[in-house]
Protein chains: 2
Amino acid sequence: MNVNLKQLAEMLGLSQTTVSRALNGYPEVNAETRQRVLSAVRETGYRPNRAAQRLATGRAGSIGLVMPIAQGIDSDVHFGEFLAGLGEESVRHDFHFVINPSAPDDEEATFKRLAASGNVDALFLAYVRANDPRIAMLKSLSIPFVVHGRAVGQPADYPFLDIDNTGAFYDATRLLIQLGHRRIALINGPGNLTFSIRRLKGMRRALEENGLQFDERLVQNSLMTDEYGHRAMQQFLEQGEPPTAVLCSSTVIALGAVRAIHRAGLQMGEDISLIAHDDVLPMLKPENFSVPLTTTRSSLRAAGSRIATRLISRILKTGDYPEQELWRTELIVRASTGPAPKS
Amino acid sequence: MNVNLKQLAEMLGLSQTTVSRALNGYPEVNAETRQRVLSAVRETGYRPNRAAQRLATGRAGSIGLVMPIAQGIDSDVHFGEFLAGLGEESVRHDFHFVINPSAPDDEEATFKRLAASGNVDALFLAYVRANDPRIAMLKSLSIPFVVHGRAVGQPADYPFLDIDNTGAFYDATRLLIQLGHRRIALINGPGNLTFSIRRLKGMRRALEENGLQFDERLVQNSLMTDEYGHRAMQQFLEQGEPPTAVLCSSTVIALGAVRAIHRAGLQMGEDISLIAHDDVLPMLKPENFSVPLTTTRSSLRAAGSRIATRLISRILKTGDYPEQELWRTELIVRASTGPAPKS
DNA sequence: GCCAAAATTCAAAGCGCTTTGAGTTTGCTA
DNA sequence: TAGCAAACTCAAAGCGCTTTGAATTTTGGC
């Protein structure tokens, strides 16, 4: 049914070499010949056999993902959304995935095995931790990779795509301060992940620049779930002097926080202000909250798609993308923020 | 660095044929020879080149997934969790994924393209709709597949893995009736998906068997998100004669429903009872709710893993699994259910 | 018109594995 | 001890593509 190169070449009265070159964009092919080849491809529906291509080129045509199965991370909404972006772009280039679920303490070995197996020609790392040893390991592996996020405490001398977490939370905090808030809380992600570290840093910087004291009791680290968000907010509200504003590291966390706020009989944007980081999860839109959420926004799906693009271009040696990208976030003001209540 | 078959055979003083057979478990190899081969593999760390294997066997070694990007389904927590199970099992057999994000109206074409490409040797279908045309298409495709779920309104003459949705919601409803509830509501998933249809059917059957009237105003179809769950519950509570019990098609929906219930000042398990279907999402455990949830339980991850097992065994023609499986769910009673309030 | 250089095209050699069909041993039976 | 099946092992032919190195055809300058 499906034609192969040989048959196609025969039909055209050409050699396999020429047809192959015509298809792969090599310059030494007559323009007219190339046209003939292309239209024959269209007629026959010829699709090169990927396995043969892989064997011949030595390229695996796939990207290795290590899917973390640590508690609270696995099957994370955020991971799913990111994956959608990655998939969208990869499928366009006929790339596969090798998804390796792996426990955190086994990840290094998993990466090594993946790289050595020859089954993937690029790796992808996410959920970076402070001083993450996995990055040094990736660098030693002689296989392209892109890190989603960045380590802290070590030079950023590797390919990454990160958002400006420090800047995002700096901006958000500054806005709250401008609105008159003095006691600002943070419900952050897990404390060992670098995005959490940077968000905290951004918040502290804004506080310090405005001569405000940083209060440790106003920071909680939490899994990125509704449940933990709720719990954290509740603890804040039970404190002697509760915060008048709160930053949430995810709209999922905000979901729980908002619940706790309502439960306490407080009015969002009046009694208490809230800013969440919005990964643009289609199932959880900040504008659909009962009180629409002010957010710092950056699309996770877009990040996934971009990383796929960069990885594939590296593998195929086409195009030329920057090795390091830091995306700015947008601060979008909605109804959940307002002036600090007069106490 | 990496040895290949040829080198391995040379080292052992054997032919490639024999080594290959020893590795692939063919019977015509001397037991002692096989042991020598296996220990040599261990020493050298030999790993067969998958591309070559694929080319030689004609098997692609990968499973095609069509990741729905319909609103409210894409990057669904439930999909992520399922994927984790699928990945866990596949990685064990060195299988890849081809993840095709695809809009619903393009899914048929996507499947066809995938099957024809030769890049996958099995397909997987989920989010089955009533009278789903995609199933007939899969059957015509001469490539193994497993459906997660079942169609309604057509014979189930294809491989599937489904849970007994009808039974689950029948049991749950019956329990509520036994507790004295007469007005029972349902916050279901999207109305066009077959699991929703069956859950409704289970509920209706239990009502009818107990001589209770089914009330259309007590059923809502909703995306499987917190937000929609909340909205649906709110509408129920605003009705003239609100329900005393409610069934939720997912713990994610329950999250929102519980919020609405608390907001209305009602006490779970006393003023109103709630039973949710629990897919065993690690990020959302029914026992961690402020009032632990009574649930019908069936692990999505286990389903993913099982489907991978079946698909791979079909491809490799090893083992022998049933073509059709219907998993019963467990009804686990916790604090969110109680006797109907005396009105 | 002739010839070197440029433009095309080609035959054939892999890539690393599986599998066919045939050869070589070995173990028994008669 | 011959003879034959059973048990092993092997050489070689693909799988369908890319790529090298060489062959052929065109082109353009003189």
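Residue numbering restarts at 1 for every chain, and letters A, B, ... go by the order of the sequence lines. Everything numeric here is computed off the predicted structure, so don't read it as measured data.
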Original post:
With the threshold set at 4.0 Å, does a side-chain nitrogen-carboxylate oxygen contact exist between A:Arg134 and A:Glu108?
Top reply: no
### Query
Hey, is A:Glu323 close enough to A:Arg314 for a salt bridge, meaning N to O under 4.0 Å?
yes
Would you kindly check if the NZ (Lys) or CZ (Arg) of A:Arg150 is within the cone defined by 45 degrees around the ring axis of A:Phe160 and under 6.0 Å from the six-membered ring centre? yes
B:Gln53 CD to C:dC17 P, in whole Å, measures 7 Å
The reported gap from CE in B:Met11 to OG1 in B:Thr44 (rounded to nearest 0.5 angstrom) is 5.5 Å
So does B:Ala60 get a backbone contact from the side chain of B:Asp121, meaning a donor-acceptor N/O pair under 3.5 Å? yes
Ranking A:Gln16 and A:Asn30 by the position along DNA chain C of their nearest nucleotide, the one closer to 5' is A:Asn30
Comparing B:Pro27 with A:Pro48, nearest DNA chain D nucleotide closer to 5' gives the residue B:Pro27
Between CD of B:Gln7 and C1' of C:dC17 the distance, given in whole Å, is 13 Å
Numerically ordered, the residues 55-63 of chain A set in heavy-atom contact under 4.0 Å with DNA chain C is A:Leu55, A:Ala56
**Asked** Can you check whether B:Ser15 has a side-chain N or O nearer than 4.0 Å to OP1 or OP2 of D:dC10?
**Response** yes
B:Leu23 CG to C:dC17 P, in whole Å, measures 10 Å
Taken to the nearest whole Å, CZ/B:Arg47 to P/C:dC17 is 12 Å
Rounded to whole Å, the OH-P distance (B:Tyr26 to D:dA7) equals 18 Å
Ranking D:dT9, D:dC17, D:dT19 by distance to the side chain of B:Val29, first place goes to D:dT9
* Asked: Any side-chain heavy atom of B:Tyr46 within less than 4.5 Å of one from B:Gln7?
  -> no
Open item on the list: Less than 4.0 angstrom between a side-chain N/O of A:Thr33 and OP1 or OP2 of C:dT9, yes or no?
Closed with: yes
Between CZ of A:Arg21 and P of D:dC17 the distance, given in whole Å, is 16 Å
Neighbour count >12 (heavy atoms, 6.0 Å) for atom CG, B:Asp157
yes
From CG of A:Asn4 across to P of D:dC15 the rounded distance in Å is 9 Å
To the nearest angstrom, the CD-P distance between A:Glu28 and D:dT20 comes to 10 Å
Is the distance from OP1 or OP2 of C:dC10 to the nearest side-chain N or O of A:Thr18 less than 4.0 Å? yes
